[in-house]
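In what follows, chains are A, B, ... by sequence order, proteins preceding strands, each numbered from 1. None of these values were measured; they are calculated from a predicted model.
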There are 2 protein chains.
Amino acid sequence: MLLRKFGNRVLNKLDESLLTRLPPFSMLDRAQIRAILDQAASRRYDEGATVFGEGMPAERFHLLLDGTIRVIRTTPTGEQIIALHIGPGQLFGIAPALARDTYPATAVAAAESLALSWPVRLWPEFVQRYDGFATESYRTLGARLGEMQSRITELATQQVEQRVAACLLRMVNQSGRKVDQGIEIAFPVTRQNISEMTGTTLHTVSRLLSAWEREGIVESTRRRIVVTAPHRLVLLSGPAG
Amino acid sequence: MLLRKFGNRVLNKLDESLLTRLPPFSMLDRAQIRAILDQAASRRYDEGATVFGEGMPAERFHLLLDGTIRVIRTTPTGEQIIALHIGPGQLFGIAPALARDTYPATAVAAAESLALSWPVRLWPEFVQRYDGFATESYRTLGARLGEMQSRITELATQQVEQRVAACLLRMVNQSGRKVDQGIEIAFPVTRQNISEMTGTTLHTVSRLLSAWEREGIVESTRRRIVVTAPHRLVLLSGPAG
DNA sequence: TTCCGAATTTGCGTAAGAGCAAAGTGCCGC
DNA sequence: GCGGCACTTTGCTCTTACGCAAATTCGGAA
């Protein structure tokens, strides 16, 4: 894990080559990357730490280097729902891209994480000065929009079992890591979390996971989930899902 | 209704002053507007006509002048779900803004509609040449993203009655027109349509509307809905909704 | 005006999943 | 190594809203 190798203060040469591979910066040359990094602040977040809160003035935009960020919203009655997960290499909190002056959701570190950030005033500058930056950022946004659309469709038409299966698959695809028994979701997830992603209750999720464990589709310990038979989950996630 | 006044071929001076008020063009001067209009194609769509289909190559982006466009998605099993409604003055089908080369959803005229359109290759030009165009477009996109987020939250946490109430209110806000008895939704809506927006069945929607009609909250004829007591719908739509 | 089809209403049985309650179990810090 | 807390499991009941079926009505076209 990056955090262990590099600590949390200084950006060094390796970070540079790392950034070069990330979509938003993939089209830039070394000097440009250097200029961008010089203006960045880097910060480490403990698990559970809040990066920014819903409604707060959007002062900075962020790039996740390592870890996982959960973007959540809270309903008037206090229930939380998880909008999406951010993985390494993704921009987040990009309110300036949408001409917003306040964050529309809360971002919390789902696991120990490392992120860069820049003041929002630099956004237009990046867009103007760095070719491909805008395009790549908006491509990401488009993908995110598409994913949200899929979530809506899912919530509206599928039943709970299918939604939970799809949710596991999504997490596996986005941040699965290969282990002996199958593919492990790379960040801690509770039943409660899954219920907040799929619009159900932790009880129902628990029952489903228990059943799937009996059938050999998943293995789980507390807050860790390993999918041992992804193909069977695909079947469960629905027709042509 | 605009269509009756101007027909469907020629853009005239009145259109110009109309466009000036629309967000994407609000910051431009007369000459710029003229230039933009010169490159536009205008087209009329009958109710039910398809503007573009999901998966089709995105060749043009559109601006709705009059009417209502329904953006829908079809699930593998053939169910339709309505992603959002576009009202006059809004851009739609702006795949180029998200670096997509194919439309992510289908757009159908919910009522007789009039729209301008431009080839996608003009998008970068508009963004570059016309100050504020990009900002305003992305502001719209941000709002749309926020609305989708709300829909997800709603679907995940609220129950059917609240969702349907919220759905009616949303339509009333977006395209309500004042009539004697209250506020009428400006385009034809079936119970089926509402069920496709709220993730329920037409039966349940019908039952709810019947009940609300008995209580004097709405009045409806076939495909037309008038909300007579919006405040009571607000209460029904949930705590602090 | 009459007729047809689409849209709507309503009843009834039922399944899915929520809600409540309570017991169990791993994990972390001390 | 121990205690406590957070997370998990499981049983039971009950409500919601879905699914199916059938009757009804409205509105436009001929």
Within the 4.5 Å heavy-atom criterion, are B:Gln80 and B:Thr106 side-chain neighbours or not? no

Taking atom types as modelled, is there a side-chain donor on A:Thr75 or A:Thr77 under 3.5 Å from an acceptor on the other? yes

Base of D:dT10, side chain of A:His203 - is there a donor-acceptor contact under 3.5 Å? yes

d(CG, B:Leu208; P, D:dA17) in whole Å: 8 Å

Between D:dG11 and A:Arg207, counting only base atoms on the nucleotide and side-chain atoms on the residue, is there a donor-acceptor pair under 3.5 Å? yes

For residues A:Arg73 and B:Ser150, report the shortest heavy-atom separation together with the two atoms involved. NH1-OG, 3.6 Å

Earliest and latest nucleotide of DNA chain C, 5' to 3', sitting under 4.0 Å from a non-hydrogen atom of chain A? C:dG17 to C:dC27

Kindly indicate whether the side chain of A:Arg222 and the base of D:dC7 share any N or O donor-acceptor pair separated by less than 3.5 Å? yes

Send over the distance from A:Gln159 CD to D:dT16 C1', rounded to a whole Å. 14 Å

Between B:Arg163 (CZ) and D:dA17 (C1'), how many Å, whole number? 10 Å

Using a heavy-atom cut-off of 4.0 Å across all strands, would you classify A:Ser206 as base, sugar-phosphate, or nothing? base

Within the pair B:Thr201 and D:dG19, is there a side-chain N or O less than 4.0 Å away from OP1 or OP2? no

I'd like to know if A:Arg70 pairs up with A:Glu196 as an ion pair, taking the criterion as any Lys NZ or Arg NE/NH1/NH2 lying under 4.0 Å from an Asp or Glu carboxylate oxygen. no

Please work out if A:Arg191 contacts a base, only the sugar-phosphate, or nothing of the nucleic acid, heavy-atom cut-off 4.0 Å. sugar-phosphate

Rounded to whole Å, the CD-P distance (A:Glu219 to D:dT9) equals 13 Å

Please, which pairs that meet salt bridge (Lys or Arg N to Asp or Glu O under 4.0 Å) have at least one residue in residues 159-168 of chain A, sequence neighbours excluded? none

Rounding to a whole Å, what distance do you find between B:Leu202:CG and D:dT24:C1'? 15 Å

Taking the basic N atoms (NZ, or NE/NH1/NH2) and the acidic carboxylate oxygens, is any pair closer than 4.0 Å for A:Glu154 and A:Arg170? yes

Without decimals, in angstroms, what is the distance between B:Gln162 CD and D:dT16 P? 11 Å

Rounded to the nearest angstrom, tell me the gap between atom CZ in B:Arg224 and atom P in D:dG27. 11 Å

Does a salt bridge link A:Lys178 with A:Asp180, judged by any charged N lying under 4.0 Å from a carboxylate O? no

Would one find a side-chain N or O of B:Thr200 under 4.0 angstrom from OP1 or OP2 of D:dC18? yes

